[in-house]
Amino acid sequence: MTSTTIELYESLNEFAKQREGEWDQILDTRRDELKQMAGYIRDSISKSGSVQLTFICTHNSRRSHLTQIWAKAAADRMGLTGVQTFSGGTETTAMNSRIASALKRCGFQITQEKEDATNPVYAVRYSDDADPLLCFSKVFHEAPNPKSDFAAVMTCSSADEACPIVPGCDLRLPIQYEDPKVSDGTDVESATYDERNRQIAREMLYAISLV
């Protein structure tokens, strides 16, 4: 496999190192799911030189964006080329501003590219040597998401139940996370979003390390 390592921003790279030191926190059942994702990535890159991953949650507002962003940043950091990540929902809402804030706190650079009160477009940067990810809410089959030859990673139980079949995908894999939305408006809001960000970073880094 081709290897071209991309250097993350310094504070973000340090955050990633800390998460790699926490791999012992990943449960065995979760490791099995992450190994399936890693196997799909490895097989796809071996066959065609690239792989497409679409992370899906109900509203495409929180968990699906975190997994999309961390899977791509992890792949680039580890020199795994050809990895393309996307996110979508079973309905369109907006990427929640609390996700942008949590990502900023750990070292990502984020700007709002499109002034849209209902569904803003965020440019998420993790390195000066990589193109930013343009993140906004969309249904999982809408552009720019792939319509074939991709893995559909279901990041919440609601989307998993609503989409028993995802048209065009080669693999449908549930890797579910608790919604940080439960803390919205409480004293632990930021802490909850930061913990979910740490968990997803930890697990996406682990999965990519297995490829």
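Computed over heavy atoms, backbone and side chain alike; hydrogens, waters and symmetry mates excluded.
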Is it the case that the side chain of [X] and the backbone of [Y] share a donor-acceptor pair, with hydrogens and angles ignored and the cut-off at 3.5 Å?
X    : Y    : value
T90  : T58  : yes
N119 : S137 : yes
D149 : D170 : no
H65  : N60  : yes
R42  : L210 : yes
R62  : I99  : no
R63  : Y177 : yes
S127 : Y9   : no
Q68  : S64  : no
Q52  : S148 : yes

Just verifying a value: how many Å separate [X] [atom1] and [Y] [atom2], rounded to the nearest 0.5 Å?
X    : Y    : atom1 : atom2 : result
R202 : I26  : CZ    : CD1   : 7.0 Å
D129 : D76  : CG    : CG    : 10.0 Å
Q109 : S11  : CD    : OG    : 8.0 Å
S190 : N197 : OG    : CG    : 12.0 Å
S87  : L53  : OG    : CG    : 11.5 Å
C156 : Q176 : SG    : CD    : 7.0 Å

**Prompt:** Strictly under 6.0 Å, is that where the ring centroids of W70 and F108 end up?
**Reply:**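 Yes, the ring centres sit under 6.0 Å apart.
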**Prompt:** Side chains of T111 and R125: is there a donor and an acceptor less than 3.5 Å apart?
**Reply:**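 Side chains of T111 and R125: pair found under 3.5 Å.
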**Asked** Between the side chains of Q199 and R196, does any donor sit under 3.5 Å from an acceptor?
**Response**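 Yes, side-chain donor-acceptor contact under 3.5 Å.
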Minimum-distance pair of heavy atoms, taken over all atoms of [X] and [Y]:
X    : Y    : value
E22  : Q18  : CG-O, 3.4 Å
A75  : I208 : CA-CG2, 3.8 Å
F136 : P144 : CZ-CD, 4.0 Å
I6   : A130 : CD1-CB, 4.0 Å
I56  : G89  : CG2-CA, 4.4 Å
L205 : A74  : CD2-CB, 3.6 Å

**Item:** Chi angles and distances behind the side-chain contact (heavy atoms from CB on, under 4.5 Å) call for I175, F55
**Value:** CA-CA 9 Å; I175 303 180; F55 297 91; over 6 Å; no
**Request:** Take T67 and E203, measure what side-chain contact (heavy atoms from CB on, under 4.5 Å) needs, and give me the verdict at the end.
**Result:** CA-CA 9 Å; T67 44; E203 296 189 355; over 6 Å; no
Check whether any side-chain heavy atom of [X] lies under 4.5 Å from a side-chain heavy atom of [Y], and answer yes or no.
X    : Y    : value
Q84  : F150 : no
N145 : V139 : no
L103 : L66  : yes
P120 : E113 : no
R98  : S183 : no
T54  : P146 : yes
Y126 : I69  : no
K72  : F86  : no

**Audit row: D194, R198, salt bridge (charged side-chain N to carboxylate O under 4.0 Å, His left out) steps and yes/no** = CA-CA 6 Å; D194 288 346; R198 286 193 296 270; 5.0 Å; no
**Asked** Does a sphere of radius 6.0 Å around CD in E7 hold more than 12 heavy atoms from other residues, nucleotides or ligands, not counting ones at 6.0 Å or beyond?
**Response**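 Not buried by this count: 12 neighbours or fewer within 6.0 Å.
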**Prompt:** More than 12 non-hydrogen atoms from neighbouring residues, nucleotides or ligands closer than 6.0 Å to CG on D131, yes or no?
**Reply:**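 No, not enclosed.
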**Message:** Does the Lys NZ or Arg CZ of R19 fall within the cation-pi geometry relative to F15 - under 6.0 Å from the ring centre and within 45° of the axis?
**Reply:**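 Yes, R19 and F15 form such a contact.
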**Request:** Would you sort out whether E20 and K17 count as a salt bridge (charged side-chain N to carboxylate O under 4.0 Å, His left out), showing the intermediate values?
**Result:** CA-CA 5 Å; E20 289 172 333; K17 288 180 181 179; over 6 Å; no
**Message:** Going by the rule side-chain contact (heavy atoms from CB on, under 4.5 Å), which residues pair with P167 if we only count those two or more places apart in sequence or in a different chain?
**Reply:**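 Scan of P167 (side-chain contact (heavy atoms from CB on, under 4.5 Å), adjacent residues dropped) gives F140.
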**side-chain contact (heavy atoms from CB on, under 4.5 Å) between M154 and V166, intermediate numbers included** = CA-CA 10 Å; M154 318 302 290; V166 179; 4.2 Å; yes
**Prompt:** For N96 and K181, what are the C-alpha separation, side-chain angles and deciding distance, and is it a side-chain contact (heavy atoms from CB on, under 4.5 Å)?
**Reply:** CA-CA 9 Å; N96 193 275; K181 181 181 180 180; over 6 Å; no
**I200 reachable from V188 in the ILVMFWY side-chain graph, under 4.5 Å edges** =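 No; tracing contacts between hydrophobic side chains, which count when under 4.5 Å, never links both residues.
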